[in-house]
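For reference, the structure is listed below as structure tokens.
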2 protein chains.
Amino acid sequence: MSQTVDRALSILPLLAEGPANLEQVAQRLGVHKSTALRLLRTLHEHGMVYRQRDQRYRLGARLFALAQQAVENLDVREIAHPYLVELNEKCGHTVHLAVHEEHEVLYIDKVESRYPVRMYSRIGKPVAITVAAVAKLLLADLPEAERRTLAEKLDYPLYTPRSTPNAAAFLKELAAVREQGWATDLGGHEESINCVGAPVRGTDGRVVAACSVSAPNVVVTADELLKLLPLVRRTAEAISREYAGRAPSSP
Amino acid sequence: MSQTVDRALSILPLLAEGPANLEQVAQRLGVHKSTALRLLRTLHEHGMVYRQRDQRYRLGARLFALAQQAVENLDVREIAHPYLVELNEKCGHTVHLAVHEEHEVLYIDKVESRYPVRMYSRIGKPVAITVAAVAKLLLADLPEAERRTLAEKLDYPLYTPRSTPNAAAFLKELAAVREQGWATDLGGHEESINCVGAPVRGTDGRVVAACSVSAPNVVVTADELLKLLPLVRRTAEAISREYAGRAPSSP
DNA sequence: GTCCGGCGTTGCAGCATGTGCAACCGTCAT
DNA sequence: ATGACGGTTGCACATGCTGCAACGCCGGAC
């Protein structure tokens, strides 16, 4: 729409391929040297490009700083919330969103079940890290070394007979979760409650959050809850797209 | 220099603080809504900004992709080379540049000593990972869990009586290196050869490479070599600045 | 040492292009 | 229904971007 800006922005992907000098830039843009110079100067003033010793241009530090700041200020909860509400409207059960932070996994959002029977959980509360579906999803994404170290540090309380008993079992479970891209907790925390969850991923594919649907046996059986898996996964993927900024946007 | 581009680029840091709608952007830029709209549209076409469901604007995925591609295509060796040559001209000894790659530490550049006595090493050759100064620098920067796992996997060949004997000693050495920001190898690989090295860091502070100066006892004593430490560190810092794109650039 | 070629830089005249305005539209809340 | 709000469109004006040509600097060739 704006020619000048259009040209200036076209320089960036070009420089991403590697350093280039003024003439190369001008040529690939199809403009006069002086035009390219002014564009590059403006980009330079904003720190978007950097001038090497040999005068060639490269992408600048500001670009990285911006990208980093943007990620930091991205609020998964804000973005995810409408999707969680939608998910709740479709299935009626309790919906959770959780993140991994400082050796803990925390609930950061919750949409209450529309059934009279509700489950106990609170936003900001750490989850049962060895059994919760969301915890498995978040920890399964850690690099192998960190996963092992963490697994060995944890306690494995036997909330129920189906709780994860020890580090070996936990690591095996995490490997499975990592592989399949979803997770469950079938009565591992409270005998009568089941969950299914799926990961929310950022631009780089790393898991930044996890969402889950939970319901007590008295409302739906585990088998029936598992039928919701595709819906949960689609929701998580929609959040991922919006979070990563890839969704098709309207005109 | 270019008003339009200048305004367009000013939008980015503004959006990095968090999502904003058209009017907010227009207001903070001090321009008419329609002007801001056209700028945002252009940015949008290039994927630099993303439009959320609620119509507000955010920084877009392209920005992250660009930043990532740029770091991938950054060639440390190319950037470092002139600095290594300069370092060699100042001290006369063999200068090495190494990176950490796939469980190995590799020499990727070398400037030969100007003294007749030279040391054996080859570009592309893996370094003695448990003793070399550059290896210590690169491994010291790994996250604690990975460092431990790696240290336990390694063999500790006794090249000399001063070689690192085992994982515990190695981890202790890495902790010291991490703390002090430089490393040595005093006869740990070959009895008569000493090295001092310093890390090259990227924008985010992570160590991306390490450079070192090596010299045999017959040319300079270890004490004398250590006197070069400030010079080596300054060189590594200069490379870091250039690599990270922070150096003061000429008009 | 001198010349030459390449590349970045500057000043300028002309007009393409970006600008602000005002009117229009869709949505939401009252 | 009605009004307010925010995004969108078309347009006339002049701003500020464009390409040209001339200049200066550096580095290599001979």
Side-chain angles (χ1 to χ4, degrees), chain A residues 1-12 14-15 18-60 78 81-82 85-86 89 242 245 247-251, chain B residues 1-12 14-15 17-46 48-60 78 81-82 85-86 89 242 245 247-251:
Chain A
M1 288 258 80
S2 163
Q3 190 188 60
T4 320
V5 178
D6 186 42
R7 286 172 170 176
L9 294 179
S10 302
I11 292 178
L12 299 178
L14 193 152
L15 290 185
N21 64 23
L22 179 60
E23 257 196 4
Q24 294 169 322
V25 171
Q27 200 165 351
R28 290 198 52 183
L29 276 188
V31 301
H32 195 269
K33 288 190 300 180
S34 58
T35 305
L37 179 65
R38 255 169 307 108
L39 297 176
L40 281 165
R41 275 228 248 266
T42 312
L43 288 167
H44 186 221
E45 270 171 22
H46 284 259
M48 302 294 284
V49 307
Y50 167 65
R51 196 127 196 221
Q52 299 191 101
R53 280 244 187 123
D54 60 3
Q55 302 234 73
R56 289 190 303 163
Y57 294 92
R58 262 179 36 200
L59 292 189
E78 189 189 349
H81 193 76
V85 169
E86 199 180 327
E89 277 163 3
E242 175 93 16
S249 48
S250 45
Chain B
M1 290 257 79
S2 163
Q3 192 187 61
T4 320
V5 177
D6 186 42
R7 286 173 170 175
L9 293 179
S10 302
I11 292 179
L12 300 178
L14 194 152
L15 290 185
E17 293 169 19
N21 64 23
L22 179 60
E23 258 195 3
Q24 294 170 320
V25 172
Q27 201 165 349
R28 290 198 53 184
L29 275 189
V31 300
H32 196 269
K33 288 192 298 181
S34 57
T35 304
L37 179 66
R38 257 169 306 109
L39 296 176
L40 280 165
R41 275 229 247 267
T42 312
L43 288 167
H44 186 218
E45 272 172 18
H46 284 260
M48 302 296 283
V49 307
Y50 167 66
R51 196 127 197 221
Q52 300 190 84
R53 278 236 185 134
D54 59 3
Q55 302 233 72
R56 289 190 302 163
Y57 294 91
R58 260 179 36 200
L59 292 190
E78 191 189 348
H81 193 75
V85 169
E86 199 179 327
E89 278 164 3
E242 174 94 16
S249 48
S250 46

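Throughout, protein chains are lettered first and strands after them, A, B, ... in sequence-line order, and every chain is numbered starting at 1. Computed from a prediction, not measured in an experiment: that's the story for all the values here.
- With salt bridges taken as basic N to acidic carboxylate O contacts below 4.0 Å, one links Arg56(A) and Glu78(B).
- Summarising the geometry, the separation between OH on Tyr57(B) and C1' on dG6(D) is reported as 11 Å, rounded to the nearest angstrom.
- Within 6.0 Å of the CD atom in Glu45(A), the count of heavy atoms belonging to other residues, nucleotides or ligands exceeds 12.
- Among the atoms of the strands shown, only primed sugar atoms or phosphate atoms (P, OP1, OP2) are found under 4.0 Å from some heavy atom of Arg7(B).
- In this structure, Leu39(B) atom CG and dG20(C) atom C1' are separated by 13 Å, rounded to whole Å.
- Between Tyr57(A) and Val49(A), the shortest heavy-atom contact is CD2-CG2, 4.0 Å.
- Residue Gln55(B) contributes atom CD, which lies 7 Å from atom P of dG7(D) at whole-angstrom precision.
- Close to dT17(C), at under 4.0 Å from its OP1 or OP2, lies no side-chain N or O of Thr4(B).
- Atom CG of Leu40(A) and atom C1' of dT9(C) are 13 Å apart (whole Å).
- Between the CZ atom of Arg38(B) and the P atom of dG20(C) there is a distance of 8 Å, given to the nearest Å.
- Distance from the side chain of Ser2(A) is smallest to dG18(C) among dT8(D), dG18(C), dG8(C).
- At its two ends the helix from dG1(C)-dC30(D) to dT30(C)-dA1(D) runs along axes set 40° apart, each axis drawn from five pairs and the angle rounded to 10°.
- When distances run from any side-chain atom of Asn21(A) to the nucleotides dG20(C), dG8(C), dT9(C), the shortest one goes to dG8(C).
- With rounding to whole Å, Asp54(B) atom CG is found 13 Å from dG6(D) atom P.
- When all heavy atoms are compared, the tightest approach of Lys33(A) to Ala26(A) is CA-CB, 3.8 Å.
- Atom CD of Gln27(A) has 12 or fewer heavy atoms from other residues, nucleotides or ligands within 6.0 Å.
- For dG20(C), its base sits under 3.5 Å from the side chain of Ser34(B) at one donor and acceptor pair at least.
- Put simply, the side chain of Gln24(B) gets close to the backbone of Asn21(B): a donor and an acceptor are under 3.5 Å apart.
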What side-chain donor-acceptor pairs closer than 3.5 Å can you find for residues 1-11 of chain A, not counting sequence neighbours?
from	atom 1	to	atom 2	distance (Å)
Asp6(A)	OD1	His46(B)	NE2	2.4
Ser10(A)	OG	Asp6(A)	O	2.7

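- In this entry the distance linking CE of Met1(A) with P of dC17(D) reads 18 Å, nearest Å.
- In this structure, CG of Leu37(A) is placed 5 Å from P of dT9(C), rounded to the nearest angstrom.
- At the phosphate of dG16(D), OP1 or OP2 sits under 4.0 Å from a side-chain N or O atom of Gln3(B).
- A heavy atom lying under 4.0 Å from DNA chain C marks the following residues of residues 23-33 of chain A, by number: Glu23(A), Lys33(A).
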